[in-house]
Amino acid sequence: MTALHLPRRALVGAVLATSLVGAGVTAFAADGTGSGCPAWTDPKGDATTGGEPTGLASDANLDIVAATAATTATDVVVTVTTDALNAGASDAGDEFGLDLTVAGADLFIAADREVDDSSSAHVGNYGDPTVSEPAKAVFDVKSKTVTITAPLASLKAAAGADVSGKPATALSAYTSNIVPFADMGLFLYDNAATKAALTLGTDCAGGTGAAPAPAESASPSASPSPSSSPSGPPAAGIAQAGLPAPGCNTFPDVKGDATVSPTVGGPGVAETDLDLTGLVLQSTPDALRAYLRVVELKSRPQSFPGHAFYANFTVNKKAVQLIGTAYDPEQLGQAQDGPAAATAGTPAQRSPKTRMTVDATYVPSSLKATFDVKTSIVTLSIPRAELAKAVGGFEDGSVLTKVYGRDSATTPAGGLFVDSTAKDNSTGVTDKDAWTVGDNLCFAPPVPPLSSVGVTKAQFGDSAAVAAKLVDAAGAPVAGKQVTFALGAAKATGTTGADGVAKAALLVKEKAGSRTLTLTSDDTTSTSAFTVLVEKTALKATGSKGAVTATLSDDDRKPVAGQVVTFTSGGKKVTAKTDGKGVAKAAGFAPGSAVTATYAGVSGQYAGSKASAKA
């Protein structure tokens, strides 16, 4: 078979009845329905299976403790959180995914991980094992989370019908363990089901596209990480290009703790667009970026004429402050934020939008501030070269200490402190509030220009549904380019479509084992791990009048030609080769005698099989 997913429901159904300790599923709403993105939990320690050849009774890597499902106008995002997630698969391969029913089709969104920690993802259809549509997977060992992003276009192709606006039901997260050389190739370890429905193509998270945090599990999790560790998984939802993943913060802050006290002529008040929920730091080869999240960023400052946002840290014993400001021109024009402006250089040096200070002294820079009301994120970006010059060096591995984000409301009379990511909104941060340059855990790794998005394994002699995605330097898909797929001596070509994906059917001629799939497009070449499996065979025998006919086929019901079949009855042995239809014949047996037909198989190519008949 070209895929191992089709038999999963059929083969492991009996295993489910005995292997899953308890249903124990908590739906995202009390009745299992409701609005928003589904998020549910599953009991820890209920992952187990029986009859596996390796003898594993349970595997924490495959023990689901929580799952989420989210959708935007273009994608479906699934997260599966397990009790443990080590690098590399448990046996020959691990699978993580979500079953769902949409447009009358039973589909799955799956991520496969190999023993060498390589991975792939795709969308399939239980009714057609040849279906394999592209998806993406991120395995995060630190957060023990597998995140799979499946384009709606892939679900549409897999279902054979439009899925946008259609409800996806029967949501069930699952994990499986693959043992390809066993009679049963896929062993279900755990599944977590919910009665919830998800309307595909509708932003269930209110326009953010983020998957919700899973409901609190009955099994307590470890203590929260210190503030220097991200507060959420790096790809918990769909992040817009260049922005951190939703829910992930380098330095989180409590919602609802923003106040202005005292205000001018009144008591302290809180503003949603000055209520910080986190600070995220990112380093790229060219820049340092600080992302300040707020509850709701307005299109113009509220309550006060201006707002200012700060990223503060110490590096090389120098205190750095990056400042981005926003004002309402109708009220305050191009004013500065009060007292801070008085020490920020001469009036000619002061910018109405941004500035950088080092040890409280203004330093000219090309710092940029971006205010994104759609994501409620304020971004401060400073070129690394300028920062390195100002502080005497800024390299990957450098440690920033006393890190915190801050904002303030500004009036003609001065600035009023509102919120901070520092503990208790104080500025008394310590060296423990640190971040290492290059530790970009809230961001997906750079997208390779050419990557494999098709199947990662196939049996010898089968046609593998290979696929590759080609993108430019900005991560945008490149259409109309030819991609060549090579597996040993076998080659196939495909042309990228509007989504940058090229597909081809590649005949697998290599013997079973770990192989390398090579992708080439113009001057771009990449490789991907590929596993070749032994082709399973079936032998059928019929007999009459002292003769026996044996038909040899693979598990795709295709004839296997040119193979030797041995017929034995008592002390008589006859051999014959299969013809183009997979048929081998032998005669000269006693009529009615029992004859055994045996195909020994070929190492690395075909598995053996037997059949018997009466001559």
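As the structure is a computational prediction, the values presented were derived from the model and not from experiment. Count residues from 1 along the sequence.
- Legend: residues meeting side chain to side chain donor-acceptor pair (under 3.5 Å) with D63, ordered by chain and number and at least two apart, are absent.
- With rounding to the nearest 0.5 angstrom, the CG atom of L279 is 6.5 Å from the CZ atom of F251.
- For the atom pair I377 CD1 and L297 CG, the distance stands at 9.5 Å (nearest 0.5 Å).
- Distance OG/S120 to NZ/K457: 6.0 Å, rounded to 0.5 Å.
- Inspection of the Q459 and D556 side chains reveals no N or O donor paired with an N or O acceptor under 3.5 Å.
- Aromatic rings from Y291 and F443 are positioned such that their centres are separated by under 6.0 Å.
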Could you walk me through whether I109 and H122 pass the side-chain contact (heavy atoms from CB on, under 4.5 Å) check? CA-CA 6 Å; I109 300 171; H122 66 284; over 6 Å; no

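- Ring pair F96/F139: centre-to-centre distance below 6.0 Å.
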Using the rule given for side-chain contact (heavy atoms from CB on, under 4.5 Å), can you reason through T277 versus D253, listing the C-alpha separation, both sets of side-chain angles and the distance that settles it, and then say yes or no? CA-CA 5 Å; T277 60; D253 188 52; 5.5 Å; no

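- Between L292 and G405, the closest heavy-atom pair is CD2-CA, 3.9 Å.
- Residue pairs meeting the side chain to side chain donor-acceptor pair (under 3.5 Å) criterion with at least one partner in residues 497-509, sequence neighbours excluded, are E133-K503.
- Sequence neighbours left out, not one pair with a member in residues 149-169 passes salt bridge (Lys or Arg N to Asp or Glu O under 4.0 Å).
- In terms of the side chain to side chain donor-acceptor pair (under 3.5 Å) criterion, S376 has no residue partners (sequence neighbours excluded).
- Taking both residues in full, the closest heavy atoms of V560 and S553 are given as CG2-C, 3.8 Å, listed atom of the first, atom of the second, then distance.
- The side chain to side chain donor-acceptor pair (under 3.5 Å) check on T379 picks up nothing, with sequence neighbours excluded.
- Separating the CG atom in D106 from the OG1 atom in T169 is a distance of 8.5 Å, to the nearest 0.5 Å.
- Separating the OG atom in S119 from the NZ atom in K136 is a distance of 12.0 Å, to the nearest 0.5 Å.
- The two residues T71 and V76 come nearest to each other via the heavy atoms OG1-CG2, 4.2 Å.
- Considering only residues two or more places apart in sequence or on other chains, A159 meets the side chain to side chain contact (heavy atoms under 4.5 Å, CB included) condition with A105, L107, V163.
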